[in-house]
Structures are given as C-alpha cells and as structure tokens.
Chemist: 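One structure, pasted below without further comment.
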Amino acid sequence: MQGRVTILYFASLREQLGRECEDVSLTDGQVPVQTLVSDLRSRDKALDGVFAAMPRIRVAINQELASFQDTVKAGDEVAFFPPMTGG
Amino acid sequence: MQGRVTILYFASLREQLGRECEDVSLTDGQVPVQTLVSDLRSRDKALDGVFAAMPRIRVAINQELASFQDTVKAGDEVAFFPPMTGG
Amino acid sequence: MIRVQVQQDEFDMGAEMAALSRISGAVGGMSVFMGQVRGNQGDGLESLTLEHYPGMTEKMLMGLAEEAFSRFHLLGCTVIHRVGIMYVGDPIVFVGTAASHRAAALQATAFLIDRLKTGAPFWKLERFTDGRSHWVDARETDDAAAAAWDDPSKD
Amino acid sequence: MIRVQVQQDEFDMGAEMAALSRISGAVGGMSVFMGQVRGNQGDGLESLTLEHYPGMTEKMLMGLAEEAFSRFHLLGCTVIHRVGIMYVGDPIVFVGTAASHRAAALQATAFLIDRLKTGAPFWKLERFTDGRSHWVDARETDDAAAAAWDDPSKD
C-alpha cells in the first residue's frame with residue numbers, strides 16, 4: 001500500500017474507460033487531486049480523452065466528496081464519477 | 001317546507017345547545033343569515049347565550065360555506081358550527 | 001383519478017399507496033401524508049372523537065381534491081378521513097398524490113393537508129384519562145398555513 | 001430512529017409506513033415520498049439500471065438522514081434506495097419521516113428527496129426498447145432544489 005492509491009471509476013466514466021478500478025503509485029508522498037489527474041492523463045491517452053470530454057467530473061477521497069484541490073496520500077481510495085443522479 | 005328552513009348545529013355548538021337540528025319559519029320570504037340569527041337569539045335565551053359566548057361561529061347554506069350577509073330562503077339547510085379542526 | 005372517502009374504519013396505507021402508484025405508467029413520484037392521534041404530551045389524552053357534517057364533508061373534500069388535481073397536474077389523488085372515536089396512535093387522515101414529477105406530488109400533498117385542516121367540516125373532541133373532555137380550538141397557525149396557498153408563488 | 005437501506009429487492013411501503021407510525025406515541029404526522037420508473041413518455045424507455053458506490057452511498061444517506069433528523073426534530077426517518085435493474089412502474093426510492101407535527105414531516109421528506117437526488121452516489125442508465133441506452137444527465141433544476149435547502153428560511 002505504501003506510496004500507492006486505489007482509484008475507482010463509476011457510471012459513464014467507468015464505461016468509457018473500460019475499467020472500474022486501478023492501483024497507481026504516487027509521485028510524491030502526498031499530492032493534490034489535480035496533480036494525480038494530470039499524471040494519470042499524461043500516462044493514459046484513453047483516460048485523457050475521457051477526462052477532456054467530461055467537464056463535470058466529481059471526486060471523492062475515502063468515500064467523502066472532495067475537491068480537486070484536496071490532498072491525496074498513500075493508502076487513500078480516490079473515486080471519479082459524473083454528477084450524481086439518484087432518486 | 002314552504003317558509004321554513006332546517007337549522008343544524010355541530011360540535012361544541014350542538015353540545016351546548018343540547019340539540020343538533022330544528023325547523024324554523026322565516027319571518028320573510030328570504031332574509032340574511034344575520035337576521036335569521038337575530039330572530040333565533042330573541043326567541044331562545046340559551047341560544048342567545050351560546051352565540052354571545054362564541055365569537056367565531058361559521059355558517060353554511062345548503063352545505064356550502066357562507067357569510068352572515070348571505071341570503072337564506074325557504075327550504076334551505078342552514079348550519080352553524082365553530083371553526084373547523086380536521087386533519 | 002380522484003378518490004375521496006369519509007369512513008369510520010381504519011384505512012390500509014400500503015394498499016392505498018399501491019393503487020396510486022399503478023394509476024398510470026406516467027407516475028414518477030408519489031407523496032403521502034398520514035395524520036394520527038398524537039399522545040405522550042403529558043396531558044393524559046386518551047381519545048379523539050371526530051365529528052363531521054355528512055354530505056358537506058364529502059363535497060368539500062372533493063372540491064379540495066379537484067383543485068389540487070388541476071393546480072398540480074396530478075395523475076392520482078386520494079383523501080381518506082376517518083370519523084368517530086380514535087385512540088392514541090390511531091390513524092386519522094390519509095392524503096396521497098401521484099404525479100409525473102416529485103415537486104408536484106410533494107406540493108399537492110402539503111396543499112391538501114393544509115387546506116383540509118381548516119376547510120372541511122370536521123371537529124375534534126379530546127377525552128382525557130381523568131374523564132375531562134374538550135373541543136379542540138382552531139389554531140391560527142393552521143389558518144395561516146391554509147391561506148399561504150392562496151399565494152400562487154408557492155407553486 | 002433512523003433506518004437507511006440500499007438494496008436490490010423491492011420494499012414494502014405499507015410495512016415501512018406502519019413501522020414509522022409506531023416509532024413513538026408522540027408521532028402526529030408521517031410523510032412519505034416514493035419514486036418509481038416513469039414510463040409513457042413516448043421515448044420507449046424500458047428499464048433503468050441504478051449503479052452506486054457501495055460504502056459511500058450508505059454513509060452519505062446516513063449523513064442526510066441524520067441532518068434531516070436534527071434539523072426537523074424528527075421522531076423517525078427511513079430512506080431506502082434500490083440498485084440494479086428496474087422496469088417502468090417499479091419503485092426506486094422510499095423516503096419516510098415521522099414527527100410530532102405535520103410541517104416537520106412534510107418538509108423533512110422534501111429535504112431528503114431533494115438532497116438525495118444530487119448528493120448521494122447513484123447513477124442511472126436508461127435502456128430503451130430499440131436497444132439504445134444512455135446515462136441520465138444531472139439536471140440543473142435538481143441542483144437548484146438541493147441548494148435551496150441551504151437557505152434556512154425554508155424551515
């Protein structure tokens with residue numbers, strides 16, 4: 001777990017990426033969500049395309065809604081998903 | 001029925017008067033509710049006391065809410081009752 | 001579909017809701033209010049006796065239901081009010097509405113129960129465990145709640 | 001008493017309402033909202049598939065229920081949301097609240113369903129009879145309805 005985070009994708013994001021989760025290593029001990037996203041996008045063309053096409057992606061860290069300025073650290077569970085449509 | 005109206009009393013009004021209905025003859029072919037009430041009160045001391053003690057009595061004519069200025073005519077059903085407390 | 005009922009018997013909330021939910025395939029939301037005899041107020045309330053004006057009650061409830069139906073574009077509307085003696089915890093009134101969208105159903109239910117409280121000829125007699133009894137007074141807050149629906153900005 | 005449930009199975013509205021109504025002798029009013037899959041819109045909708053984020057969903061629903069419980073002085077609060085595949089006419093969500101007074105129950109139910117729509121991790125995939133499918137877009141009106149409860153003058 002040291003240095004790694006679990007990333008989850010839901011709904012249209014999951015469908016377009018063709019996967020629902022992955023483990024990635026952090027470049028630093030802790031980084032803002034937006035840095036993590038930049039790293040993911042630079043490594044993965046498909047993911048870059050999906051994030052570019054969906055401007056309203058939301059993020060949760062350890063199952064709490066978060067912002068792209070919030071910090072991700074080793075062992076965290078980070079989830080990306082489109083706006084919620086329950087009820 | 002000619003010249004007569006049916007009068008109904010409900011709830012605390014009925015209880016205090018000790019009766020739930022009566023038939024009365026109209027002094028004229030048609031009269032405002034307030035004239036009918038004045039007649040009733042002048043004929044019946046108990047009723048006068050009850051109406052004096054209850055300032056918010058409501059009236060319905062033929063099962064529609066009405067005002068004391070509305071007209072009562074022969075054959076009508078007139079009901080007096082306190083403010084409604086349903087639900 | 002409007003259903004208005006004044007009865008002594010208890011009603012079956014589940015059956016009433018199921019009937020409303022199946023009124024049309026276009027139903028997207030249903031809203032229900034159920035009022036019951038409130039106890040545990042420290043006043044020793046034992047029962048309520050609901051008196052009404054037979055004939056006028058049904059007419060006024062139907063008028064309210066029809067107003068709600070058209071004002072909130074309902075697909076279904078059920079109003080059931082009990083009369084007679086009811087004890088603490090017993091159901092008194094059921095208001096249920098079905099609509100395509102949730103806001104219409106929620107607003108229609110609030111409209112109906114607010115208006116019904118002061119606009120239909122029911123009266124409540126409270127009886128207490130020590131033998132006292134008294135007629136429930138109309139509350140100004142109920143008049144205000146009913147009157148607030150006269151302002152169409154609430155829709 | 002708060003009950004939050006995420007499940008595939010249908011729920012029993014009558015049983016849920018009966019349980020809420022018996023939570024305390026102080027209950028005077030109960031309010032329920034039930035949402036179901038709306039058809040008859042001419043678009044050939046056949047089913048909805050509800051996806052969610054297990055773990056986070058339960059946490060967020062519990063947080064919403066606790067907020068409603070204290071904000072509206074509830075005596076009972078039940079939130080049940082289904083996941084998986086549901087067909088036209090099938091129930092999706094049940095929100096039920098019990099309180100001493102009707103206004104609290106009615107407002108709490110509206111608060112919960114408005115907030116739940118945009119504040120709990122559920123997503124809807126629509127499937128149509130011609131084989132098409134698409135993810136339901138979030139609606140700005142739902143965001144506005146949820147945000148309106150941030151204004152405490154609504155209580």
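What you see is a predicted model, and the numbers here were worked out from it, not measured in a lab.
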Chemist: If you count heavy-atom pairs under 4.5 Å between each of C:Ile92, C:Val88, C:Ile113 and chain D, which one has the most?
Modeler: C:Ile113

Chemist: Quick one: side-chain contact (heavy atoms from CB on, under 4.5 Å) partners of C:Met17, sequence neighbours excluded?
Modeler: C:Met30, C:Val32, C:Phe94, D:Met13, D:Met17, D:Val32, D:Met34

Chemist: Name the member of D:Gly96, D:Ala26, D:Gly35 that forms the most heavy-atom pairs with chain C at distances under 4.5 Å.
Modeler: D:Ala26

Chemist: Would you please name every residue forming a side-chain contact (heavy atoms from CB on, under 4.5 Å) with D:Ala120, sequence neighbours left out?
Modeler: D:Leu61, D:Phe122

Chemist: Can you tell which of C:Gly14, C:Gly28, C:Ala18, C:Ala103 has the highest number of heavy-atom pairs within less than 4.5 Å of chain D?
Modeler: C:Gly28

Chemist: Identify which of D:Val95, D:Leu106, D:Val27, D:Val93 forms the greatest number of heavy-atom pairs closer than 4.5 Å to chain C.
Modeler: D:Val27

Chemist: Are there more than 12 heavy atoms of other residues, nucleotides or ligands under 6.0 Å from atom CE of C:Met1?
Modeler: no

Chemist: Name all residues meeting the side-chain contact (heavy atoms from CB on, under 4.5 Å) criterion together with C:Ala138; count only those two or more places apart in sequence or in a different chain, and write none if there are none.
Modeler: B:Arg56, B:Pro83, B:Thr85

Chemist: Is there any N or O donor on one of chain C and chain D with an acceptor on the other under 3.5 Å, and could you list each such pair with its distance?
Modeler:
| residue | atom | partner | partner atom | Å |
| --- | --- | --- | --- | --- |
| C:Ser21 | O | D:Gln36 | NE2 | 2.9 |
| C:Gly25 | O | D:Gly39 | N | 2.7 |
| C:Val27 | O | D:Gln36 | NE2 | 3.2 |
| C:Gly28 | O | D:Gln36 | N | 3.0 |
| C:Met30 | N | D:Met34 | O | 2.8 |
| C:Met30 | O | D:Met34 | N | 2.8 |
| C:Val32 | N | D:Val32 | O | 2.8 |
| C:Val32 | O | D:Val32 | N | 2.8 |
| C:Met34 | N | D:Met30 | O | 2.8 |
| C:Met34 | O | D:Met30 | N | 2.8 |
| C:Gln36 | N | D:Gly28 | O | 3.0 |
| C:Gln36 | NE2 | D:Ser21 | O | 2.9 |
| C:Gln36 | NE2 | D:Val27 | O | 3.2 |
| C:Arg38 | NH1 | D:Ser100 | O | 3.1 |
| C:Gly39 | N | D:Gly25 | O | 2.7 |
| C:Ser100 | O | D:Arg38 | NH1 | 3.2 |
| C:Arg102 | NE | D:Asp114 | OD1 | 3.0 |
| C:Arg102 | NH1 | D:Asp142 | OD1 | 3.0 |
| C:Arg102 | NH2 | D:Asp114 | OD1 | 3.1 |
| C:Arg102 | NH2 | D:Asp142 | OD1 | 3.2 |
| C:Asp114 | OD1 | D:Arg102 | NE | 3.0 |
| C:Asp114 | OD1 | D:Arg102 | NH2 | 3.1 |
| C:Asp142 | OD1 | D:Arg102 | NH1 | 3.0 |
| C:Asp142 | OD1 | D:Arg102 | NH2 | 3.2 |

Chemist: Given a strict heavy-atom distance threshold of 4.5 Å, which part of C:Val37 is in contact with chain D: side chain, backbone, both, or neither?
Modeler: backbone

